[in-house]
Every structure is written in structure tokens, then in C-alpha cells.
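Only a predicted model underlies this, so the values are computations on that prediction, with no experimental measurement involved.
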Amino acid sequence: MKKGLIITGVTLLGLGVAYLTGVGYYSNRFVANTTFGTVDISNLTLVKAQEKLEADLNEREIVLTENEVEVARIKVSDLNGEYNTESNLESVYQSQDPIVWVTSYFEEEAFEDVLADQVAFNAENIKEVLAANGITNDNREAAVNATIDYSDEDGYFIESGVKGTEIDYDKLGASIVNTVEANENTIELEDVYAEPTIDGESEIVTSVMGTIEDFSDIQLTLQVAGNDITIPQSTIESWIYFDSNNELLVDYDLVYEYVNSLNDEYATYNKTRQFISTLQGEVTVQPGILGWGIDTEAETQAIIDDLYAGVDVTREPAVFSSGGNANSDDEIGNTYIEIDLTYQMMYLYVDGELVVGTDIVSGQLGAETVPGANAVNEMLSNTNLVGYNQFKKVEYSVPVSYWIRFDNNAQGIHDASWQGSFGGSVWQYSGSLGCINTPYWAVETIYHNVSYGTPVLVFY
């Protein structure tokens, strides 16, 4: 019985010595069954493990293919890579406990994904090695960056970037590391073509598109001649362009062109118009000084300012006018003077009511009154009319009680005490030099019922 106990004790003592020997052995070595990436570093010191790792990497050969055809084979050792794996190896070493070295013989300890940040290949070195194998970017297509384009049909849109066929040497270097770590040896060059540096999701693209959207979403409504005209978003987009710093600008000339088109459509200045007369019904009245128009320059700048302000706006445009009903579809309104040269009659309507209806004497043959849509632009009382009589070839100065000018050519309405009668055919033998000779009572009433800008419609 004692003999058996002695034998067991010796055995245990031997095992203890062996165990402690193992602890000492692995105190400066990796335990058994340890792999770092694809390299077995079992039982190696840190220095030997680093040497083996570098040797393993340098022995690798990478096969490059393009369009499924092998184009080159390159040795990793030719790339002169930088191997900075010491710190990772030491971390692995420090994580192992030599006291439990026995269990490592039964359990594998594999450390994966350990090369990506520790192994690097210089792009210039890769470029030189590939060039030595006849592979360069000289005749390859460069990647095309995403751009922002414009068309009348689609407005502004993103034109996607396009990957070319140039090789991205940095990308290839990373691919070599990944390939080696995956214990593979083939790389498709198509996978390492250079990508566009700016794509549709790039901040510069999304920022510019956001600015465009903000601009085109502005609701800018102009109230023109009783119409609410909201400038279409597509029209606003067509005005936008960008400078070299991607600063959004508005094209003044295009806005001016748009405003001018509104003026052509709605303005009344210098346009022939139809008018419902007292005696003749609808007549055509030639252009005169009466009318309103959009102040194109002022309104162009106002629209640009509204767009930069970035807020919705509803307003009337900037206009000029010689009458009292600017920006109106019916600028004549209900108060106006009507001069019918055919019937030698003049009428004053105030708020739609007939106030004066009188015979007149218009310009004589050779000095006929010029018809046109006009407006009162000067009012004087107890003044002298001065000028030159081209028929008698003398200058004149004639006193009148009331003077109402209605154009830019010295045509006006005034009393004419020298006239023995008015109306009919008097204008043919005793006509004026272009003015409207009027009975005193009539011109006095007209003078006190009109103001600057009152329309004066003169027609045959």
C-alpha cells in the first residue's frame, strides 16, 4: 500500500516540474495553436513572430486580372511595404497567460483582421511595379465627377459621376492587404478603378441642389392689371447660375426679359386701344401719352431682391403712368374727356355721369388736331397762349381764362372768345392751330372737374 502512494507522488512531482517548465518556456513566447492572420506564430518569441510574419507577406504573389484576363503577377516583396505589426503582436502576446499553456494544445486561438491598419503599401511603389509590368494610367479613362446640369425640360438635376478605368493605387494597396489577409491571391483591377471624387451624395452637390430648391420654391406673385401672376418655379430655375465659387446668382438679363414680356402683354402705354364713344360706339384710338407700363429696370431688381430675401411675396410691380389708373386693365375708368373730331363734339364724364357735352373747333386743315389716347398734364388759368402761326407767319400771344394741355405737343383745351360759333364745319375755315377751342362755360366746367392724369381720348 505504501509503495503505490510513493509511485503516485513521484508522478505528480514530475508533472509539476513539466508544467512549471512549460510556464517558463511560454513566459516569452506565444502559446501553441496561435495564428496571427494567416501565419502560425505558435511557440515563437515576439521577434521571431515578427520576422516570420514579414517573411510570409513578402513571399506572397498577387495575380492581377482585368476583364477576367490575367495581366500581371507581382511579388509583395517588390512593393517595399511598411509592416507595423509589432504593437498588435505584442497585444496578442500580453493577452495570453502562460500559466494555462497546457490548454492551448487543445484550443486554437486565431487572431483575424489584424493587418488592415498595420500593413501599408506606398502608392508610388505600386505605380512603379505596375509600370514595370506594362500597366499604367496613360491611356485609361479618368473618372468623371458628378455635376449639376440644367435643361428646359427637367430644370436642374444631378448628372451622376462615372467611374473610369484609371487605377487607384491607394485603393489597390488596400486591396492587396485585404487579399493577403483573406489568404487569397487574385485581384480584379476593375475593383480598384478610381471612383469620382464628387458623387451625387457629396455635400457640395446636395448643398447646391438644396439652394436651388429653396430658390425655386419661393412663391413670387405679381398683381398685374387685375391678374395674379405667379412666376413658375421652372422660370426661376432658368434664371439661376453659379460662379466659380458655387455661389448662386440670378441672371439680370433673363429676369429683365421676363419682366419685359409681362410689360408687352399687359401694359397700355404706346398701344392702340378700343373705346366706346358717345356717338360712334366702339372706335379705335391711336397711342398718345396716356398709358402705364412696368418700370422694367426697377421691377427686375425688385424681383432679384425678393428672390435673395427668400420669402414668399405677393405685390404689384413697379410701374410708371401718365394717367390716374396705373396697373389697371381699364385705365380710362369712369372719369374722362372724350373729343370726337368727326362730330366736332367734346364730352366730360365724371364717375360715369355726363357733365359736359359741347361743340368744339379743332385744328384747321394743315394743322389738324392729332388724335390719340392722352391725359391732362398741365392746367393753367388766366394765362397767355404764345406760339408761332405758320399760316400767317407771325408770333402770337393770346389771353385765355382756362388752359388744359393733354399731350406733349402743346395741344390743349381752352376758351376761344374770338370764335363766333362752334361745331359743324367751323374747323375747316376757322380752325385752330391744333388746340380744342371751347365755349367759355364748357371749359370752365371741365377745368373744375378734372385733374392731372384725367384721360383725354381724341379720335375721329
Side-chain angles (χ1 to χ4, degrees), residues 142-162 164 196-272 287 289 291-323 325-329 331:
V144 178
N145 285 332
T147 58
I148 297 176
D149 290 334
Y150 174 83
S151 71
D152 291 336
E153 297 78 17
D154 302 318
Y156 279 95
F157 61 93
I158 298 175
E159 187 68 54
S160 299
V162 179
T197 56
I198 299 176
D199 59 29
E201 301 301 319
S202 296
E203 192 277 335
I204 187 172
V205 173
T206 57
S207 175
V208 171
M209 286 300 292
T211 302
I212 292 172
E213 185 176 344
D214 290 342
F215 249 67
S216 59
D217 282 347
I218 295 172
Q219 294 289 309
L220 183 50
T221 302
L222 300 178
Q223 297 172 317
V224 185
N227 301 283
D228 284 350
I229 302 170
T230 300
I231 302 176
Q233 293 181 350
S234 58
T235 299
I236 294 176
E237 280 195 11
S238 72
W239 298 341
I240 296 171
Y241 71 98
F242 295 85
D243 63 13
S244 59
N245 296 319
N246 287 318
E247 185 74 23
L248 185 148
L249 301 174
V250 179
D251 191 310
Y252 181 95
D253 292 337
L254 292 180
V255 180
Y256 185 96
E257 183 179 319
Y258 175 81
V259 174
N260 202 45
S261 70
L262 293 180
N263 185 67
D264 289 342
E265 182 174 356
Y266 294 101
T268 61
Y269 184 74
N270 203 32
K271 289 183 179 179
T272 299
I289 68 168
W292 66 268
I294 298 176
D295 187 334
T296 311
E297 291 185 359
E299 182 54 33
T300 296
Q301 190 58 54
I303 288 175
I304 292 174
D305 291 343
D306 287 339
L307 290 174
Y308 281 129
V311 295
D312 295 344
V313 175
T314 299
R315 59 171 176 78
E316 292 189 2
V319 299
F320 63 88
S321 173
S322 61
N325 296 300
N327 194 24
S328 170
D329 186 45
E331 66 180 322

To the nearest 0.5 Å, tell me how far [X] [atom1] sits from [Y] [atom2].
X	Y	atom1	atom2	result
Asp154	Asp149	CG	CG	10.5 Å
Ile236	Thr230	CD1	OG1	9.5 Å
Glu265	Ile294	CD	CD1	9.5 Å

Using atom types as modelled and distance alone, determine if a side-chain donor or acceptor of [X] lies under 3.5 Å from a backbone N or O of [Y].
X	Y	result
Tyr150	Ile240	no
Asp217	Asp214	no
Asp253	Asp251	no
Ser322	Gly291	yes
Thr268	Trp292	yes
Asn245	Glu247	no

- prompt: Using 30° and 60° as the class limits, which term best fits the ring planes of Phe242 and Tyr156: parallel, tilted or perpendicular?
  reply: perpendicular

- prompt: Residues in side chain to side chain contact (heavy atoms under 4.5 Å, CB included) with Ile218, at least two apart?
  reply: Leu307, Asp312

Heavy-atom side-chain proximity of [X] to [Y] below 4.5 angstrom:
X	Y	result
Val319	Tyr266	no
Phe215	Tyr308	yes
Glu159	Ile148	no
Val205	Asp199	no
Asp306	Arg315	yes
Leu222	Ile303	yes

- prompt: With sequence neighbours left out, which residue pairs that include part of residues 255-264 fulfil the side chain to side chain donor-acceptor pair (under 3.5 Å) condition?
  reply: none

- prompt: Should Thr300 and Glu297 be marked as a side-chain contact (heavy atoms from CB on, under 4.5 Å) after you check the CA-CA gap, both sets of side-chain angles, and the distance that decides it?
  reply: CA-CA 5 Å; Thr300 296; Glu297 291 185 359; 5.8 Å; no

message: I'd like to know whether CG of Leu249 has more than 12 heavy-atom contacts from other residues, nucleotides or ligands below 6.0 angstrom.
response: yes

